[in-house]
Every structure is written in C-alpha cells, then in structure tokens.
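Working notes, structure below.
One-based numbering, in listed order, for ligands and for the atoms of each. Because the structure is predicted, anything quoted here is derived from the model rather than measured.
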Amino acid sequence: MVIPLTGEVEMPFIVRSEIMDCIDDPATSGEDAIRYFKDGALVVDDGKVENFGSAEDIMSEYSGLDVVEYKNKLIIPGMIDTHIHFPQTEMIASYGEQLLTWLTEYAFPTEKQFESYEHASEIADFFIKELLKNGTTTALVFGTVHPQSVDAFFAKAQDKKLRMIAGKAMMNRNCPDYLQDTVDSGYNDSKALIEKWHGVDRLSYAVTPRFAVTSTPEQLESCALLLEEYPGLYLHTHLSENVDECDWIKKLYPDSKDYLGVYEDAGLVGKRSVFAHGIYLSDRELNCLSENGAAISHCPTSNLFIGSGLFNLKSSEAKEIKVGVGTDVGGGSSFSMLQSYNEAYKIQQLQNNKLSPYKGLYLNTLGGAKALDLEGTIGNFQIGCEADFVVLDYAATPLIELRLNKAKTIHEKLFALMMLGDDRAIFETWALGEKVHSRDH
Ligand code: GUN
Ligand code: ZN
C-alpha cells in the first residue's frame with residue numbers, strides 16, 4: 001500500500017525515493033564513500049534503520065509494509081549542526097562588528113534575557129522549529145550562563161524526541177557581571193543539569209566553558225572534574241577564532257604553549273571535545289587535536305559574517321582531525337546547513353581547494369556524527385542507526401528546478417541543490433521514524 005504524504009505511518013514502513021548517504025570521507029575514499037540509489041528504499045522499524053538499499057531488492061524482501069513514496073526528491077540523513085547558540089536566535093544578522101565587540105554589543109545583552117525561564121522556553125521552541133525546518137535533526141548547542149536556559153531547551157528537545165547535546169555556558173570573568181557565574185556555582189549548576197538530563201532519552205550534556213577568555217584557569221579545571229565524574233559528557237567551547245581573541249589569550253595565559261595548550265593544561269582535550277572555529281592553529285595544536293581524537297566545528301557563515309578568517313580544511317584533513325560543520329547562529333548568518341556548504345565551498349575556493357558536494361554532504365552528516373562521537377547512532381543509514389532523515393525537494397524554487405533540469409549527474413544535482421538551497425529545499429524532516437516538519441503543511 002502506498003500511503004499519502006500527509007498520513008500517519010505505522011512502523012515498520014518503507015520510504016521509497018532517490019536516496020543517498022556517506023559511509024566514509026570522500027576526501028580519502030572518493031566516490032566509494034557515497035551510497036546513492038536513484039530508486040532506493042529505507043526500511044524503518046521502531047525508530048531505527050532496519051534496512052537500506054535499492055528499491056528493487058528491498059520491496060521484494062519486505063512485501064506488505066506501508067510505503068511512503070517520493071517523486072523528484074532526494075533523501076539524505078538528518079543534518080548535524082556541531083556548533084550553535086540557541087539564545088542568539090533573535091540577534092542573528094546584527095550589523096558591523098567583529099568577535100570581541102560583537103560579543104559586548106550584541107551577544108551579551110541578548111543573553112541576559114535568559115534569566116527568565118519563560119523567555120528561554122519561547123526561544124527554545126522557535127529555535128527547534130527553525131532547526132527542523134532546515135533539516136537539522138541533531139545539534140551541539142550553547143545555552144547561556146543561566147541553567148534555566150538549558151532546562152528549557154532540553155524540555156523542548158525531549159518533547160520532539162530529538163538527539164540533542166547542550167550545556168550551560170560557564171563564564172566567570174571578562175564579561176558583564178550580570179552574565180557571570182563563579183567556579184563553584186558554575187560547577188554546581190552544571191552538575192545539577194547533568195544529573196537531570198545527561199543520558200535521558202536522546203539528550204546528552206556538554207560541559208560548556210564559553211572560551212578561555214571568559215573562564216579562569218580554576219574554572220577550566222572544574223570542567224575537567226565534571227568530565228571525570230560523569231562518563232560520556234562532551235566538552236564544547238571556542239578556539240582560535242579571531243586574531244584579537246588569540247592575542248588576548250596570549251596575555252591571559254603567558255605560560256601556555258598556545259591557545260589549545262590552555263585547554264590541554266586543564267585536561268579538556270579528548271575524544272568528546274568539540275572546538276568551534278580553529279582558524280589560527282599551529283602545527284602543534286593540529287597534532288594535539290589529532291592525537292586526542294578531538295573535533296573541530298568549522299563555522300563557515302560565521303567566519304565570513306563576523307570577519308574571523310578562512311578555515312584551512314586541508315591541514316585538518318592531512319592530520320585526520322575530525323571536522324563537522326556548525327552554523328554558529330547568531331555569529332553565523334543562517335540556520336541552513338545547505339547555506340553553510342555554500343559558504344564553506346567559497347572559503348575553500350579562496351584557498352585553491354575544491355570542496356566537492358559529496359564532501360559537503362559528508363561534513364553535514366557523517367562527518368558531524370564522527371565529530372560528536374556518534375557514528376553508528378546517527379549520520380547515515382547503516383542498519384541500526386536512528387531513522388533521522390531529510391527529504392530534499394529538487395523543485396524547491398523555480399530557479400532550483402530550472403538549474404537541476406540541466407544537471408546530468410547526481411554530483412552536479414547535489415552541488416547545485418546545496419549551493420542554491422535553504423529551508424525552502426527541505427520538503428520534510430523526520431526524526432526517529434516520525435515526521436517532525438513538513439514544509440507545505
Ligand atoms: N567566542 C566566545 N563566545 C562566542 C560566541 O558567542 N560566538 C562566537 N562566534 N564566538 C564566541
Ligand atoms: Zn559560537
């Protein structure tokens with residue numbers, strides 16, 4: 001039976017469509033990294049991928065199941081945003097400043113409002129809808145210093161059964177008094193949130209010192225203590241984003257080898273550590289990230305919008321460092337991971353590097369999953385993975401339709417769709433085998 005696109009679907013069911021995912025990094029495995037079926041099928045049971053392959057094979061093996069069928073669409077795994085600030089949603093696109101003045105002029109005053117749980121809850125609701133509208137099913141999310149901001153966010157994410165990682169910002173110096181915690185309150189508030197949320201449903205906690213500028217060495221050490229106390233926690237912070245920020249770090253930590261050395265000295269560099277930006281890293285810092293299995297979240301729209309610099313993807317690839325993509329909203333100028341690819345492509349062009357759409361797809365899905373140490377759970381359609389997926393529309397806009405009608409290969413189609421696409425290209429978003437966003441309904 002083929003069921004209409006608006007209907008409720010009972011599991012198990014089959015999704016039949018043009019479909020693709022990544023099983024490896026195209027930078028190392030080329031086209032072998034990609035699985036693509038012009039007429040493909042995904043079997044979903046109990047919220048997970050039961051099987052994946054050509055429709056011909058799947059339909060005969062699973063006859064009798066309900067089928068959700070799409071025409072002129074492309075299904076990919078749910079996209080993974082490896083760095084974003086939910087409390088900065090309402091200050092996206094704030095004019096004219098670079099990082100340090102942007103923080104004081106725009107970010108800090110906006111974040112003050114999250115002392116109110118009601119405000120946090122309202123923005124969290126909007127934010128999660130915006131993620132789903134853009135095909136993002138998992139994100140690593142900064143809260144504000146207020147623990148209630150993270151409480152509000154997790155409650156909304158839990159409601160939608162999403163896989164989300166978040167943490168309260170820890171910041172005990174070099175920022176307005178109204179946004180400061182202390183070593184003790186930062187530790188205790190984080191601990192209470194961990195006890196309440198970490199490992200509950202699909203939620204995980206990230207210990208979140210804002211950056212080494214706004215934490216004392218003692219606060220960074222208290223973060224390491226939390227990581228030791230609770231298994232499976234993440235460490236989420238900023239690293240080497242902006243030249244003035246890097247100069248300030250040298251003054252604040254004169255005895256450190258370099259910026260990453262500050263986090264390393266505190267015991268914060270491990271395989272669940274995610275560092276946003278990483279633009280100005282030395283060879284030693286790259287080696288340290290690689291040896292410890294730590295990840296970089298590359299944030300293309302943000303790096304251009306707040307004028308931070310050009311991320312060197314090649315040097316991370318050469319050291320086999322895990323890299324995911326982050327929108328970094330509100331420093332980033334779009335929630336769309338497709339638009340992040342658009343800007344990432346141009347950042348690499350300026351460095352004479354071709355960023356293929358396959359690599360773009362990888363960064364937005366499996367690369368993100370690896371960066372978050374979640375390969376085998378999300379990021380592709382391996383059997384047993386959670387069934388988070390996105391239905392992209394080849395006719396999302398007249399221009400996209402016109403351009404794709406001229407495209408001869410899937411490489412060309414995917415490239416044009418990612419370059420031109422945004423939330424209009426996201427026809428539907430599904431999480432854990434349930435539809436959580438429909439563009440037209
Ligand atoms: N560094 C410290 N805080 C922030 C922030 O909120 N956004 C960005 N992009 N960088 C930061
Ligand atoms: Zn950020």
Side-chain angles (χ1 to χ4, degrees), residues 81-114 123 127 139-146 149-150 153 165-176 179-181 186 206-216 219-220 223 234-249 252 259-260 262-263 268 273-280 295-311 324-335 340 343 347 371:
D81 187 334
T82 57
H83 178 70
I84 185 163
H85 301 251
F86 101 81
Q88 295 176 5
T89 302
E90 58 184 326
M91 49 143 296
I92 190 171
S94 290
Y95 177 74
E97 301 301 327
Q98 298 213 349
L99 179 64
L100 299 176
T101 40
W102 176 89
L103 282 171
T104 52
E105 297 246 330
Y106 300 123
F108 292 155
T110 305
E111 292 187 15
K112 182 177 189 309
Q113 304 168 94
F114 288 73
I123 299 292
F127 172 86
L140 174 57
V141 179
F142 251 78
T144 62
V145 70
H146 317 97
S149 70
V150 176
F153 173 76
I165 309 166
K168 105 167 192 86
M170 296 163 82
M171 39 207 293
N172 68 341
R173 64 166 168 177
N174 294 325
C175 60
L179 278 187
Q180 282 189 31
D181 56 9
V207 176
T208 309
R210 185 173 203 120
F211 63 154
V213 166
T214 48
S215 287
T216 56
Q219 182 161 67
L220 296 179
C223 295
Y234 291 86
L235 184 283
H236 182 199
T237 190
H238 297 91
L239 169 71
S240 217
E241 174 179 5
N242 162 288
V243 173
D244 293 341
E245 170 209 17
C246 293
D247 287 345
W248 198 358
I249 291 288
L252 290 170
Y259 196 157
L260 184 64
V262 173
Y263 296 129
L268 300 181
S273 302
V274 181
F275 297 99
H277 307 293
I279 297 173
Y280 302 102
I296 295 176
S297 174
H298 168 37
C299 304
T301 75
S302 168
N303 295 165
L304 296 176
F305 182 74
I306 54 178
S308 298
L310 303 179
F311 176 69
V325 165
T327 59
D328 194 27
V329 165
S333 53
S334 172
F335 274 82
S340 286
E343 301 292 27
I347 288 173

Q: Keeping the roles fixed (side chain from Asp328, backbone from Gly331), state whether a donor-acceptor pair exists under 3.5 Å.
A: no

(Q) For the Zn ion (ligand 2), which protein N/O/S atoms fall under 2.8 Å? Skip waters. (A) His83 NE2, His85 NE2, His238 NE2, Asp328 OD1

Q) Would a 4.5 Å heavy-atom cut-off, applied to side chains only, mark Arg173 and Leu252 as touching? A) yes

Q. Are Phe275 and His83 close enough that their ring centres sit under 6.0 Å apart?
A. no

**Q.** Tyr106/Tyr95 aromatic ring centres below 6.0 Å
**A.** no

(Q) Can you confirm whether Phe335 sits close enough to Asp81 that some side-chain heavy atom of one is under 4.5 Å from a side-chain heavy atom of the other? (A) no

Q) Do Gln88 and Thr110 touch side chain to side chain, with heavy atoms closer than 4.5 Å? A) no

Q) Does Leu268 reach the side chain of Leu220, with side-chain heavy atoms less than 4.5 Å apart? A) yes

Could you go through ligand 1 and note, for every N or O atom, any protein N or O atom closer than 3.5 angstrom, writing the atom names and distance to 0.1 Å, or 'none'?
| unit_1 | atom_1 | unit_2 | atom_2 | d |
| --- | --- | --- | --- | --- |
| ligand 1 | 3 (N) | Arg210 | NE | 2.8 |
| ligand 1 | 6 (O) | Gln88 | NE2 | 2.9 |
| ligand 1 | 6 (O) | Arg210 | NH2 | 2.7 |
| ligand 1 | 9 (N) | Glu241 | OE2 | 2.9 |
| ligand 1 | 9 (N) | Asp328 | OD2 | 2.7 |
| ligand 1 | 10 (N) | His238 | NE2 | 3.4 |
| ligand 1 | 10 (N) | Glu241 | OE1 | 2.7 |
| ligand 1 | 10 (N) | Glu241 | OE2 | 3.4 |

Q) Would a line drawn from the ring center of Phe114 to the ring center of Phe86 be shorter than 6.0 Å? A) yes

Q) How about Phe211 and Ile249: do any of their side-chain heavy atoms sit closer than 4.5 Å? A) no

